[in-house]
2 protein chains.
Amino acid sequence: MIQPRPRTIPEATVARLAVYLRVLTALADGGRSTVSSGELAAAAGVNPAGLRKDLSHLGSCGVRGVGYEVRTVRDRISRVLGVERSRACVLVGMGNLGSALADYAGFGSRGFAFVGLFDADPARIGQSIGGHTVRQMDELEDVVAATQASIGVITTPAEVAQSVCDRLATAGVRSILNFAPVTLAAPPGIDVRKVDLSVELQVLAFLGQQRLVPALDDTAVGEPA
Amino acid sequence: MIQPRPRTIPEATVARLAVYLRVLTALADGGRSTVSSGELAAAAGVNPAGLRKDLSHLGSCGVRGVGYEVRTVRDRISRVLGVERSRACVLVGMGNLGSALADYAGFGSRGFAFVGLFDADPARIGQSIGGHTVRQMDELEDVVAATQASIGVITTPAEVAQSVCDRLATAGVRSILNFAPVTLAAPPGIDVRKVDLSVELQVLAFLGQQRLVPALDDTAVGEPA
DNA sequence: AGTTGTGAAAAACTTCACAGCA
DNA sequence: TGCTGTGAAGTTTTTCACAACT
């Protein structure tokens, strides 16, 4: 039984492919035609062998002794990641973070189009952010249905995030990116991914602190000096 | 105080501890005195056995047959994560995202204090965001030195992120959280952590698309067109 | 009974090392 | 020669299963 390419690409690989795609796009724009795994890996901050293994998941297309053809690999990653077709996203919660996302041009070039911005605060409704008008929550279901939006982004306060999640799921969104600092429960079949900025900072702080400790080995963790 | 425990807590565990801490804080505020690993795990979105293993890294303190004492575990995680003492952070790049972070109250309660906001754009200098005044880049080194800031957050455009990173590192910052969509090179001993919002969306989109595909099995991903 | 703490098994991921090919 | 592609080894992380304890 021949199964040369397992149909599933590891999640860790997918995340890195997105990074490679960015680097390759920049290289292609700069007129570069080939790269070696070493150079590409350095630019992406990963190990060269790992990069080669990642690329091998897309039925890889390097040339031994030479390297990878920039545009070929770029296009192949685009195709696998589905960047080619644009995906409709709705964004709920137009506070500072929501506004920042709505206004960030980088998403458009990566195949994401915000087709609806929503907020519960009447003061924000009607405002224009990143070329879109903020709508009231009532319209959420209709917009999702009309635009076939498949992705929802939640940037609301934590208290309402779950109910927004429920509404998005019911409305037909299939993937949710959650910035609210709560763990969301979603029906099976709905993919929820969480980005927690405080957690990132805390991990960073912990690692930084840990780097200093191994000398003073047995002083307990929290001794104030 | 004997310390038979290995001094290193796995990074994956650290990230989850931060999540548990949030849940425990909410429970404590709600007057709850004990939780089982099952309930806590559900609230944090993880597997109960994994949660127990995570907590075991802090010399765990559950009661068999009963569960964990909410405040005890909360305090212990706080101590290990170093949330108790406040950490000085500087933030460079006061666009939408930078402003959102500066204005987010959640950081303060988690032990992070922004002690300096910086931007290169003269139009932004002097503005007040989240109770702090935006300063010009010239002052970066002085502020880092004066405040002993150990964490730097980069929310600048990609093009200048590397130079900001270099300046932060030279100024004495030891950990950097990078939101700019580039991979930064930093001197050894400096910890860089990256949050890439586009990558998160792309992974989400890929996983969503992948869920639909397994039917059409052999239409190859990489047919050279 | 009910729940923790943890060794041991399993899975996922990373790195190494080198064969294979241009 | 130089660089890719990949099996194999190594490491980390997750999951399981159950003894230990209240």
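Chain letters run A, B, ... following the sequence lines, proteins first, then strands; residues in each count from 1.
Going from atom CD1 of Ile9(A) over to atom P of dC13(C) covers 12 Å, rounded to whole Å. The CG atom of Leu51(A) sits 12 Å away from the P atom of dT15(C) (whole-angstrom rounding). Rounded to whole angstrom, the span from the CG atom of Leu55(B) across to the C1' atom of dT6(C) amounts to 13 Å. Following rounding to the nearest Å, Asn47(B) (CG) and dA12(C) (P) show an atom-to-atom distance of 14 Å. Look at NE2 on His57(A): it is 11 Å from C1' on dA12(C), rounded to the nearest Å. Remark: P of dA12(C) and NZ of Lys53(A) are 15 Å apart, rounded to the nearest angstrom.
Within the structure, every pair that satisfies the side-chain hydrogen bond (donor to acceptor under 3.5 Å, both in side chains) test and touches residues 177-194 of chain A, not counting sequence neighbours, is listed here: Glu11(A)-Arg193(A), Asp191(A)-Arg211(B), Arg193(A)-Glu200(B). Among pairs with a residue in residues 150-171 of chain A, none fulfils ring-ring contact (aromatic ring centres under 6.0 Å, His included), at least two apart in sequence or across chains.
Phosphate contact (OP1/OP2 of dA22(C), side-chain N/O of Tyr68(A), threshold under 4.0 Å): absent.
Contact footprint of chain B on DNA chain D: nucleotides with an atom under 4.0 Å from a non-hydrogen protein atom, first to last in 5' to 3' order, dT13(D) to dT22(D).
Checking Ala49(B) against Gly65(A), the closest nucleotide of DNA chain C that is more toward the 5' end is the one next to Ala49(B).
Evaluation of atom-type donor-acceptor distances gives a pair under 3.5 Å for the side chain of Arg64(B) against the base of dT4(C).
Listed for the Gln162(B) side chain is a donor-acceptor partner under 3.5 Å among the backbone atoms of Ala185(B).
For Arg174(B), the CZ atom counts as loosely surrounded, since its 6.0 Å shell holds 12 or fewer non-hydrogen atoms of other residues, nucleotides or ligands. Residue Arg71(B) places its CZ atom among 12 or fewer non-hydrogen atoms of other residues, nucleotides or ligands, all under 6.0 Å distant.
Only Ala12(B), Arg16(B), listed by number, bring a heavy atom of residues 11-19 of chain B to less than 4.0 angstrom from any atom of DNA chain D.
With 3.5 Å as the limit, one finds no donor-acceptor pair spanning the side chains of Asn96(B) and Tyr104(A).
Exactly one residue among Val66(A), Leu27(A), Val73(A) makes a side chain to side chain contact (heavy atoms under 4.5 Å, CB included) with Val35(A). That residue is Leu27(A).
Residues satisfying the salt bridge (charged side-chain N to carboxylate O under 4.0 Å, His left out) test with Arg32(A), not counting sequence neighbours, are Glu39(A). For the ring pair (Phe, Tyr, Trp, His ring centres under 6.0 Å) test, residues two or more places apart in sequence or in another chain that qualify with Phe114(B) are Phe107(B).
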